[in-house]
Amino acid sequence: MRITVFGANGPAGRVLTSQALAAGYQVAAVTRRPEVFPLQHDRLEVIEADVFDSGAVDAAVGAGDAVLSVLGVPAGKEAISTYSRGVGNIIDAMRRRGVRRLGVVSSAGVDPHPYAGAGVVFNRVLMPYLTRVLGKTMYDDMRRMESLVRASDLEWMIVRPGALYHRPAVSDYTVVEGRADGMYTARVDLAASLLALLDDDRYLRKTVEVVTTVGNPTLLQWIRREAMPKR
(Lines give C-alpha, C1' and ligand atoms only; values in the text may rest on other atoms or scores of the structure.)
Protein backbone atom coordinates (compact mmCIF):
# COMPACT_ATOMS: atom_id res chain seq x y z
CA MET A 1 0.00 0.00 0.00
CA ARG A 2 1.16 3.51 -0.81
CA ILE A 3 0.16 6.08 1.81
CA THR A 4 -0.01 9.83 1.28
CA VAL A 5 0.77 11.69 4.51
CA PHE A 6 -0.26 15.34 4.78
CA GLY A 7 1.48 17.28 7.51
CA ALA A 8 4.43 14.92 7.17
CA ASN A 9 7.00 17.47 8.34
CA GLY A 10 5.38 18.14 11.70
CA PRO A 11 6.46 16.28 14.87
CA ALA A 12 3.65 13.70 14.56
CA GLY A 13 4.03 13.52 10.78
CA ARG A 14 7.71 12.62 10.97
CA VAL A 15 6.99 9.86 13.48
CA LEU A 16 4.15 8.54 11.33
CA THR A 17 6.27 8.57 8.18
CA SER A 18 9.11 6.77 9.93
CA GLN A 19 6.79 4.09 11.32
CA ALA A 20 5.08 3.58 7.97
CA LEU A 21 8.41 3.04 6.23
CA ALA A 22 9.53 0.62 8.95
CA ALA A 23 6.28 -1.31 8.46
CA GLY A 24 6.96 -1.72 4.74
CA TYR A 25 4.61 0.89 3.28
CA GLN A 26 5.46 3.15 0.39
CA VAL A 27 4.99 6.72 1.57
CA ALA A 28 4.34 10.00 -0.20
CA ALA A 29 5.23 12.64 2.41
CA VAL A 30 3.58 15.97 1.66
CA THR A 31 5.15 19.16 2.99
CA ARG A 32 5.47 22.81 2.01
CA ARG A 33 9.21 22.64 2.67
CA PRO A 34 10.69 19.45 1.25
CA GLU A 35 14.22 20.85 1.56
CA VAL A 36 14.08 20.53 5.37
CA PHE A 37 12.34 17.15 5.53
CA PRO A 38 14.81 14.96 7.46
CA LEU A 39 13.90 11.43 6.33
CA GLN A 40 15.28 9.51 3.36
CA HIS A 41 14.30 6.06 2.15
CA ASP A 42 13.98 4.16 -1.13
CA ARG A 43 10.22 3.78 -0.48
CA LEU A 44 9.75 7.46 0.36
CA GLU A 45 8.73 10.22 -2.05
CA VAL A 46 8.73 13.75 -0.65
CA ILE A 47 6.14 15.92 -2.39
CA GLU A 48 6.03 19.70 -2.19
CA ALA A 49 2.46 20.93 -1.79
CA ASP A 50 0.43 23.45 0.17
CA VAL A 51 -2.94 22.11 1.36
CA PHE A 52 -4.55 25.38 0.27
CA ASP A 53 -3.51 24.60 -3.33
CA SER A 54 -6.17 22.24 -4.67
CA GLY A 55 -4.14 21.30 -7.73
CA ALA A 56 -1.09 20.36 -5.69
CA VAL A 57 -3.25 18.38 -3.27
CA ASP A 58 -4.85 16.54 -6.18
CA ALA A 59 -1.46 15.50 -7.52
CA ALA A 60 -0.28 14.35 -4.09
CA VAL A 61 -3.43 12.31 -3.42
CA GLY A 62 -3.09 10.65 -6.81
CA ALA A 63 0.25 9.23 -5.70
CA GLY A 64 -1.29 6.98 -3.02
CA ASP A 65 -3.86 4.33 -2.13
CA ALA A 66 -4.84 5.86 1.21
CA VAL A 67 -4.49 9.25 2.88
CA LEU A 68 -3.52 10.12 6.44
CA SER A 69 -3.78 13.74 7.56
CA VAL A 70 -1.74 14.88 10.53
CA LEU A 71 -2.01 18.56 9.69
CA GLY A 72 -1.21 20.83 12.59
CA VAL A 73 -0.93 24.54 13.32
CA PRO A 74 -0.18 26.35 16.59
CA ALA A 75 -3.12 27.48 18.68
CA GLY A 76 -3.76 31.20 18.74
CA LYS A 77 -6.48 33.82 18.67
CA GLU A 78 -6.11 34.53 14.95
CA ALA A 79 -8.48 32.86 12.48
CA ILE A 80 -7.46 29.32 11.49
CA SER A 81 -8.69 27.46 8.38
CA THR A 82 -5.86 24.99 7.70
CA TYR A 83 -7.79 21.96 8.94
CA SER A 84 -11.09 22.57 7.18
CA ARG A 85 -9.74 23.99 3.91
CA GLY A 86 -6.89 21.52 3.74
CA VAL A 87 -8.98 18.43 4.43
CA GLY A 88 -11.73 19.81 2.19
CA ASN A 89 -9.22 19.87 -0.67
CA ILE A 90 -8.03 16.38 0.28
CA ILE A 91 -11.58 14.99 0.22
CA ASP A 92 -12.29 16.57 -3.16
CA ALA A 93 -9.05 15.15 -4.57
CA MET A 94 -9.78 11.68 -3.18
CA ARG A 95 -13.17 11.66 -4.87
CA ARG A 96 -11.63 12.66 -8.18
CA ARG A 97 -8.81 10.13 -7.88
CA GLY A 98 -10.91 7.24 -6.58
CA VAL A 99 -8.94 6.94 -3.31
CA ARG A 100 -11.23 5.70 -0.55
CA ARG A 101 -9.45 5.30 2.81
CA LEU A 102 -8.93 8.46 4.89
CA GLY A 103 -7.60 8.85 8.41
CA VAL A 104 -7.74 12.35 9.92
CA VAL A 105 -6.15 13.50 13.17
CA SER A 106 -8.26 15.92 15.18
CA SER A 107 -8.05 16.45 18.95
CA ALA A 108 -9.80 15.44 22.14
CA GLY A 109 -10.08 19.18 22.77
CA VAL A 110 -12.81 19.33 20.14
CA ASP A 111 -15.12 17.67 22.68
CA PRO A 112 -13.58 18.56 26.06
CA HIS A 113 -14.68 16.67 29.16
CA PRO A 114 -13.46 16.31 32.75
CA TYR A 115 -10.78 13.72 33.41
CA ALA A 116 -10.72 11.57 36.53
CA GLY A 117 -7.74 12.44 38.68
CA ALA A 118 -6.88 15.61 36.75
CA GLY A 119 -7.97 17.87 39.59
CA VAL A 120 -10.28 20.84 39.88
CA VAL A 121 -7.77 23.40 38.58
CA PHE A 122 -7.23 21.50 35.33
CA ASN A 123 -10.85 20.47 34.72
CA ARG A 124 -12.50 23.77 35.67
CA VAL A 125 -9.85 26.39 34.92
CA LEU A 126 -7.02 25.28 32.63
CA MET A 127 -8.94 23.09 30.19
CA PRO A 128 -11.75 25.65 29.61
CA TYR A 129 -9.10 28.32 29.01
CA LEU A 130 -7.21 26.14 26.54
CA THR A 131 -10.28 25.03 24.59
CA ARG A 132 -12.51 28.10 24.76
CA VAL A 133 -9.99 30.96 24.74
CA LEU A 134 -6.42 30.19 23.72
CA GLY A 135 -7.28 27.41 21.27
CA LYS A 136 -10.81 28.43 20.33
CA THR A 137 -10.15 29.21 16.66
CA MET A 138 -8.13 26.01 16.24
CA TYR A 139 -10.78 23.77 17.77
CA ASP A 140 -13.54 25.55 15.86
CA ASP A 141 -11.71 24.77 12.62
CA MET A 142 -11.16 21.16 13.68
CA ARG A 143 -14.91 20.86 14.19
CA ARG A 144 -15.49 22.19 10.69
CA MET A 145 -12.97 19.66 9.41
CA GLU A 146 -14.69 16.80 11.23
CA SER A 147 -18.06 17.84 9.78
CA LEU A 148 -16.63 17.75 6.26
CA VAL A 149 -15.17 14.29 6.84
CA ARG A 150 -18.41 12.89 8.27
CA ALA A 151 -20.41 14.29 5.36
CA SER A 152 -18.17 12.55 2.82
CA ASP A 153 -18.82 9.13 1.31
CA LEU A 154 -15.22 8.02 1.93
CA GLU A 155 -14.00 5.23 4.20
CA TRP A 156 -13.04 7.66 6.91
CA MET A 157 -11.85 7.54 10.51
CA ILE A 158 -11.42 10.57 12.78
CA VAL A 159 -8.72 10.08 15.41
CA ARG A 160 -8.62 12.35 18.44
CA PRO A 161 -5.46 12.21 20.57
CA GLY A 162 -5.00 13.85 23.92
CA ALA A 163 -2.11 16.19 24.70
CA LEU A 164 0.77 15.01 22.51
CA TYR A 165 4.24 14.31 23.81
CA HIS A 166 7.46 12.50 22.90
CA ARG A 167 7.99 8.88 23.89
CA PRO A 168 10.75 6.69 22.43
CA ALA A 169 8.75 3.50 21.83
CA VAL A 170 5.17 2.46 21.14
CA SER A 171 3.24 1.51 24.27
CA ASP A 172 0.15 -0.58 24.93
CA TYR A 173 -2.08 2.36 23.97
CA THR A 174 -5.88 2.35 24.03
CA VAL A 175 -8.34 3.17 21.23
CA VAL A 176 -11.87 4.03 22.35
CA GLU A 177 -14.88 5.00 20.27
CA GLY A 178 -16.12 8.30 21.64
CA ARG A 179 -14.51 9.63 24.81
CA ALA A 180 -11.53 8.10 26.61
CA ASP A 181 -10.53 8.91 30.17
CA GLY A 182 -6.93 9.73 29.38
CA MET A 183 -5.25 13.12 29.01
CA TYR A 184 -2.10 12.24 27.05
CA THR A 185 -1.10 10.56 23.80
CA ALA A 186 2.45 9.78 22.78
CA ARG A 187 3.12 10.62 19.15
CA VAL A 188 4.48 7.13 18.55
CA ASP A 189 1.17 5.68 19.80
CA LEU A 190 -0.85 8.05 17.64
CA ALA A 191 1.18 7.00 14.59
CA ALA A 192 0.84 3.30 15.41
CA SER A 193 -2.92 3.63 15.82
CA LEU A 194 -3.28 5.39 12.46
CA LEU A 195 -1.38 2.64 10.67
CA ALA A 196 -3.39 -0.06 12.45
CA LEU A 197 -6.66 1.58 11.42
CA LEU A 198 -5.70 1.44 7.74
CA ASP A 199 -6.43 -2.30 7.69
CA ASP A 200 -9.10 -2.41 10.40
CA ASP A 201 -12.76 -1.80 9.59
CA ARG A 202 -13.98 -1.87 13.23
CA TYR A 203 -13.84 1.91 13.43
CA LEU A 204 -14.85 2.66 9.86
CA ARG A 205 -16.77 5.97 9.73
CA LYS A 206 -16.33 6.44 13.46
CA THR A 207 -14.60 8.92 15.74
CA VAL A 208 -12.12 7.46 18.21
CA GLU A 209 -9.81 8.73 20.91
CA VAL A 210 -6.30 7.32 21.28
CA VAL A 211 -4.63 7.55 24.69
CA THR A 212 -1.36 6.37 26.15
CA THR A 213 -1.97 4.56 29.43
CA VAL A 214 1.53 4.13 30.87
CA GLY A 215 4.50 6.38 31.51
CA ASN A 216 2.68 9.65 30.90
CA PRO A 217 4.14 12.95 32.09
CA THR A 218 2.64 15.04 34.85
CA LEU A 219 0.88 18.20 33.78
CA LEU A 220 3.87 20.32 34.84
CA GLN A 221 6.27 18.06 32.94
CA TRP A 222 4.08 18.26 29.83
CA ILE A 223 3.93 22.05 30.01
CA ARG A 224 7.72 22.28 30.34
CA ARG A 225 8.45 19.79 27.56
CA GLU A 226 5.72 20.53 25.02
CA ALA A 227 3.81 23.74 25.72
CA MET A 228 6.63 26.14 26.54
CA PRO A 229 8.46 27.73 23.58
CA LYS A 230 11.74 26.01 22.73
CA ARG A 231 14.87 28.19 22.85
Side-chain angles (χ1 to χ4, degrees), residues 6-7 10-13 16 67-88 90-91 102-152 154-165 171 173-187 189-194 196-197 200-213 216-219 222-223 226-227:
F6 285 88
L16 174 60
V67 174
L68 295 176
S69 171
V70 284
L71 293 171
V73 295
K77 294 184 179 180
E78 70 281 357
I80 292 174
S81 62
T82 302
Y83 299 97
S84 58
R85 286 182 59 191
V87 171
I90 291 169
I91 290 171
L102 171 65
V104 172
V105 173
S106 182
S107 170
V110 165
D111 185 20
H113 55 281
Y115 294 100
V120 174
V121 172
F122 179 83
N123 284 327
R124 295 190 179 181
V125 179
L126 184 57
M127 184 173 62
Y129 174 74
L130 291 173
T131 58
R132 300 174 189 172
V133 181
L134 180 62
K136 183 180 185 304
T137 59
M138 180 180 70
Y139 292 121
D140 284 348
D141 195 43
M142 284 183 173
R143 293 185 187 99
R144 290 190 290 268
M145 173 188 72
E146 289 192 5
S147 295
L148 289 171
V149 172
R150 292 192 186 97
S152 75
L154 301 174
E155 297 174 355
W156 57 266
M157 294 146 294
I158 296 171
V159 180
R160 293 174 174 173
L164 293 169
Y165 73 98
S171 75
Y173 61 86
T174 297
V175 178
V176 177
E177 184 180 352
R179 291 176 167 182
D181 190 23
M183 293 172 54
Y184 301 100
T185 308
R187 293 183 182 90
D189 292 341
L190 173 61
S193 70
L194 286 166
L197 290 171
D200 188 348
D201 290 343
R202 285 181 299 167
Y203 299 110
L204 193 63
R205 298 190 177 91
K206 296 183 184 298
T207 300
V208 300
E209 290 194 4
V210 177
V211 293
T212 300
T213 57
N216 287 317
T218 65
L219 179 59
W222 180 84
I223 291 173
E226 301 289 339

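Just so it is clear, the model here is predicted, and its values are computed rather than measured. Heads up: numbering here begins at 1 and tracks the sequence.
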Task: Criterion side chain to side chain donor-acceptor pair (under 3.5 Å) on R150 and T207, from CA distance to verdict - done: CA-CA 9 Å; R150 292 192 186 97; T207 300; 3.1 Å; yes
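- Between the side chain of Y83 and the backbone N or O of D140 there is no donor-acceptor pair closer than 3.5 Å.
- Side-chain contact check for M183 versus N216: every heavy-atom pair is 4.5 Å or farther apart.
- Within the 3.5 Å criterion, the main-chain N or O of R160 finds no donor-acceptor partner in the side chain of S106.
- One distance of note links OG1 of T82 with CE of M145; it measures 11.0 Å at 0.5 Å rounding.
- Between A75 and G135 the shortest heavy-atom distance is CB-CA, 4.0 Å.
- For K77, there are no salt bridge (charged side-chain N to carboxylate O under 4.0 Å, His left out) partners two or more places apart in sequence or in a different chain.
- Residues Y184 and L219 form a side-chain contact, since some pair of their non-hydrogen atoms from C-beta on lies under 4.5 Å apart.
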Open item on the list: Assess the residue pair L197 and Y203 against the criterion (side chain to side chain contact (heavy atoms under 4.5 Å, CB included)); give the C-alpha distance rounded to whole Å, side-chain angles, the decisive distance to 0.1 Å, and a yes or no.
Closed with: CA-CA 7 Å; L197 290 171; Y203 299 110; 3.5 Å; yes
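- In this structure, Y115 and D181 have side chains that are in contact, with non-hydrogen atoms separated by less than 4.5 Å.
- Test T174, D189, T185 against T212 for side chain to side chain donor-acceptor pair (under 3.5 Å) and you get one pass: D189.
- Among residues two or more places apart in sequence or in another chain, the side chain to side chain donor-acceptor pair (under 3.5 Å) test is passed with N123 by none.
- Inter-residue side-chain proximity for V87 and V149 is flagged as met; some heavy-atom pair is nearer than 4.5 Å.
- Within a 6.0 Å radius of CZ in R205, more than 12 heavy atoms belonging to other residues, nucleotides or ligands are found.
- Side chains of E226 and L164 form no contact here, defined as non-hydrogen atoms less than 4.5 Å apart.
- Every residue two or more places apart in sequence or in another chain was checked for a salt bridge (charged side-chain N to carboxylate O under 4.0 Å, His left out) with R124, and none qualifies.
- Panel note: side chain T137, backbone G76; a donor-acceptor pair is recorded below 3.5 Å.
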